K.L.:
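Encoded as structure tokens, here's the structure I'll be asking about.
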Amino acid sequence: MKNLLRTAAFLAACGCFSMLASAGVVITSETSQIGGQKKQKSTIYVQDGKIRMEIEGLAHIIMIFDSAKQVVWTLSPERGTYMEMNANAPGTSMSDARQQQLDSAMKKMQDQMASMPPEQRAQMEKMMKGMPAPPAAATPLTYRSLGTTEKVGPFTCSKYEALRDGKRVAEHCTASFDQLHLTAEDTKAFEEMGKFMKSRMGGRASASPVVEEMKGFPVHSVTYAGDKPDFESTVTSAEHKSVD
């Protein structure tokens, strides 16, 4: 998903054409593969219950969440397109939709088999028995405090492990919200976005850090592939300023 689309989603109407609203927060971070040289820059804009996440590097992706409207827009700048997910619109989650597609494909296959000669049908049934079962839904992550603190740039943070089925999948060091100038309204927007993504994307959203469970915002994160660290992300700055 990539597109060249400018958005004025965060313009504040103050009775005139002013571009400024109440002060927001701009958080920048860098993500890279452990041992790799290429880094992706991420910028998060938070203000008035809205969140905009922009990733630049290997790809250019923009995601905007409006907590009041319960809508997520994913923009693809290089394609000039966007996708909208609306919590209030009728429909199923992405995970449910994928299951419906699988069920539909299986029914078509069974209908085709009914008209096959007996030998061919027997071969098809044997092949289908050997196919792997569809993957089960991802087990929700749990978080465990490690009881230690670190200094990451200007932030003092507390360390947590993210576990799935008792196995470590990530480590996060979280700083208190005030260190990043985040208000109660801002953190509520992150919580609402997490709930929205889980309801619409199922297990695919479960890898996202849950800020309320770790009582802070992750300023340094490491994900694991098996026992080995895989990717690393570090917050480089957090500014308190108005967002266009």
Side-chain angles (χ1 to χ4, degrees), residues 7-14 19-29 31 42-55 61-75 82-89 91 93-94 138 140-145 152 154-162 170 172-221 233-244:
T7 178
F10 299 123
L11 297 183
C14 302
M19 298 282 282
L20 298 180
S22 57
V25 178
V26 180
I27 301 169
T28 59
S29 61
T31 302
S42 301
T43 307
I44 301 175
Y45 305 86
V46 190
Q47 186 166 302
D48 300 330
K50 301 180 180 71
I51 299 171
R52 174 188 175 109
M53 299 181 176
E54 188 157 355
I55 301 172
I61 300 171
I62 301 170
M63 181 178 288
I64 300 169
F65 174 67
D66 187 322
S67 60
K69 294 181 178 180
Q70 285 291 294
V71 174
V72 165
W73 296 279
T74 303
L75 283 60
Y82 73 92
M83 180 179 72
E84 177 179 300
M85 286 192 289
N86 189 331
N88 299 316
S93 71
M94 288 187 177
L141 292 175
T142 57
Y143 296 89
R144 179 173 66 193
S145 172
V152 176
F155 310 107
T156 299
C157 55
S158 302
K159 295 194 71 173
Y160 286 81
E161 277 186 327
H172 302 287
C173 201
T174 64
S176 57
F177 297 121
D178 62 296
Q179 292 186 65
L180 290 96
H181 314 292
L182 293 168
T183 66
E185 183 184 22
D186 298 331
T187 58
K188 181 67 175 176
F190 279 110
E191 291 174 15
E192 289 291 324
M193 185 174 182
K195 292 174 184 176
F196 179 97
M197 297 307 289
K198 283 184 179 179
S199 69
R200 301 301 291 176
M201 299 182 72
R204 296 205 307 172
S206 63
S208 304
V210 182
V211 293
E212 65 268 31
E213 290 191 29
M214 295 187 289
K215 301 177 178 63
F217 191 93
V219 293
H220 182 248
S221 299
S233 181
T234 305
V235 171
T236 55
S237 67
E239 299 178 81
H240 187 218
K241 63 181 184 181
S242 292
V243 179
D244 287 349

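Keep in mind that what you see is a predicted model, and the values were worked out from it rather than measured. For this chain, numbers begin at 1 and follow the sequence in order.
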K.L.:
Measure the shortest side-chain to side-chain distance between K50 and I64 over non-hydrogen atoms and say whether it is less than 4.5 angstrom.
P.N.:
no
K.L.:
Using 0.5 Å steps for rounding, measure from the CD1 atom of I27 to the CD atom of E239.
P.N.:
10.5 Å
K.L.:
Of all heavy-atom pairs between H220 and V152, which one has the smallest distance, and what is that distance?
P.N.:
CB-CG2, 4.0 Å
K.L.:
Go through the structure and list residues passing side-chain hydrogen bond (donor to acceptor under 3.5 Å, both in side chains) with T236, not counting sequence neighbours.
P.N.:
T28
K.L.:
When the aromatic ring centroids of F217 and F190 are compared, is their separation below 6.0 Å?
P.N.:
yes
K.L.:
Nearest 0.5 angstrom please: T183 OG1 to K188 NZ, how far?
P.N.:
12.5 Å
K.L.:
With sequence neighbours left out, what residues match A170 under side chain to side chain contact (heavy atoms under 4.5 Å, CB included)?
P.N.:
A162, H172, T223
K.L.:
Quick check: closest heavy atoms across S67 and E192, and the distance to 0.1 Å?
P.N.:
CB-CB, 4.3 Å
K.L.:
Are any of the side-chain heavy atoms of W73 and D66 separated by less than 4.5 Å?
P.N.:
yes
K.L.:
What residues, two or more places apart in sequence or in another chain, satisfy side chain to side chain contact (heavy atoms under 4.5 Å, CB included) together with S176?
P.N.:
D178, Q179
K.L.:
Return the CG to NE2 distance between L180 and H240, rounded to the nearest 0.5 Å.
P.N.:
11.5 Å
K.L.:
About how many Å separate CE of M83 and OG1 of T74, when rounded to the nearest 0.5 Å?
P.N.:
4.5 Å
K.L.:
Start with the C-alpha distance between E191 and K195, add both sets of side-chain angles, then the distance that settles salt bridge (Lys or Arg N to Asp or Glu O under 4.0 Å), and finish with yes or no.
P.N.:
CA-CA 6 Å; E191 291 174 15; K195 292 174 184 176; 5.2 Å; no
K.L.:
Between Y160 and K215, what is the shortest heavy-atom contact and its length?
P.N.:
OH-CB, 4.5 Å
K.L.:
What distance separates M63 CE from I51 CD1, expressed to the nearest 0.5 Å?
P.N.:
10.5 Å
K.L.:
Any chance you could measure I61, atom CD1, to M53, atom CE, to the nearest 0.5 Å?
P.N.:
12.5 Å
K.L.:
Closest approach of F65 and Q70, non-hydrogen atoms and distance?
P.N.:
CZ-NE2, 3.7 Å
K.L.:
Indicate the atoms forming the closest heavy-atom contact of F155 with A175, along with that distance.
P.N.:
CB-CB, 4.1 Å
K.L.:
Taking all non-hydrogen atoms of both residues into account, name the closest pair between Q47 and V243 and its distance.
P.N.:
OE1-N, 3.0 Å
